[in-house]
Engineer: 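One structure, as C-alpha cells, below. Some questions next.
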Amino acid sequence: MTPPYFRTSAHLLVCQHTNCRTRGSDLLYRALWNALDRERLAYFKTGGSVRLTESGCLGACTSGPVMCVYRQRDAAAGGSGGLEEAWYAATTLPLALRVARAAHEGTDLPTDGRYGP
Ligand code: FES
C-alpha cells in the first residue's frame with residue numbers, strides 16, 4: 001500500500017537536543033505545532049502547507065533554540081529557483097510563526113535572528 005503524500009511549501013525543523021531544550025525548544029516546538037494547527041498552516045489541514053519536525057542537534061548549540069527551514073521557491077516569486085534554506089538562532093514563537101506564514105505564503109523569510117545562507 002502506498003503511504004499518503006502531502007504536498008508542502010516548506011519544512012521547518014526545531015532542534016530538540018540537550019542545549020536547545022534547556023533554552024526552551026521543547027515548549028517552542030509544542031507551541032508552534034499548536035499555532036500551525038490553529039492557523040491552518042499545517043500540511044494536514046485543508047489549505048495548509050507547512051511541515052514541522054523535531055530535529056537533533058543543528059550545530060549551533062549555544063544559540064538555541066535553533067530552527068531551520070527549507071523550501072523550494074520559484075524564481076518568479078523572488079527565489080533562485082532552487083532549494084532555499086534559512087537558519088534561526090534564539091528562536092521565539094512569534095518569529096517561528098512569522099517564518100511559517102512566509103513559507104506558506106511564498107513571501108520573503110524574516111531576516112531577524114537569521115544566520116547562515
Ligand atoms: S543542541 Fe540545538 S543546535 Fe545543538
Side-chain angles (χ1 to χ4, degrees):
M1 182 172 153
T2 305
Y5 172 75
F6 298 93
R7 177 172 283 288
T8 55
S9 62
H11 195 164
L12 278 61
L13 298 105
V14 176
C15 176
Q16 294 297 300
H17 199 54
T18 309
N19 285 332
C20 281
R21 284 181 72 93
T22 62
R23 293 174 170 82
S25 69
D26 52 340
L27 290 174
L28 171 65
Y29 179 83
R30 281 184 276 146
L32 182 56
W33 184 262
N34 289 337
L36 295 180
D37 191 359
R38 187 177 58 249
E39 293 197 15
R40 307 193 67 80
L41 296 171
Y43 71 93
F44 54 83
K45 294 288 193 177
T46 302
S49 67
V50 177
R51 191 175 294 266
L52 173 64
T53 305
E54 298 177 357
S55 86
C57 179
L58 294 170
C61 312
T62 58
S63 303
V66 175
M67 182 181 81
C68 68
V69 56
Y70 291 93
R71 69 174 175 177
Q72 196 77 33
R73 194 170 186 212
D74 296 337
S80 65
L83 190 65
E84 180 182 23
E85 63 179 302
W87 295 71
Y88 294 91
T91 312
T92 61
L93 177 60
L95 172 59
L97 198 47
R98 283 191 290 120
V99 171
R101 289 180 186 134
H104 177 72
E105 295 163 1
T107 57
D108 291 343
L109 295 170
T111 56
D112 48 313
R114 187 170 172 173
Y115 69 98

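Both counts, for ligands and for their atoms, begin at 1 and track the order of listing.
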Engineer: Could you name each residue pair satisfying ring pair (Phe, Tyr, Trp, His ring centres under 6.0 Å) that touches residues 28-69, not counting sequence neighbours?
Structural biologist: Phe6-Tyr43, Trp33-Phe44

Engineer: Please tabulate, for the side chains in residues 54-65, all donor-acceptor contacts under 3.5 angstrom to protein atoms that are two or more places apart in sequence or on a different chain.
Structural biologist:
none

Engineer: Would you list the protein N, O or S atoms within less than 2.8 Å of atom 4 (Fe) of ligand 1, leaving out water?
Structural biologist: Cys57 SG, Cys61 SG

Engineer: Check whether any side-chain heavy atom of Glu39 lies under 4.5 Å from a side-chain heavy atom of His104, and answer yes or no.
Structural biologist: no

Engineer: Does some side-chain heavy atom of Arg98 sit less than 4.5 Å from a side-chain heavy atom of Asp112?
Structural biologist: yes

Engineer: Which residue pairs pass the salt bridge (charged side-chain N to carboxylate O under 4.0 Å, His left out) test when at least one of the two sits in residues 13-33, sequence neighbours left out?
Structural biologist: Arg21-Asp26, Asp26-Arg30

Engineer: Is there side-chain contact between Tyr88 and Leu12, with heavy atoms separated by less than 4.5 Å?
Structural biologist: no

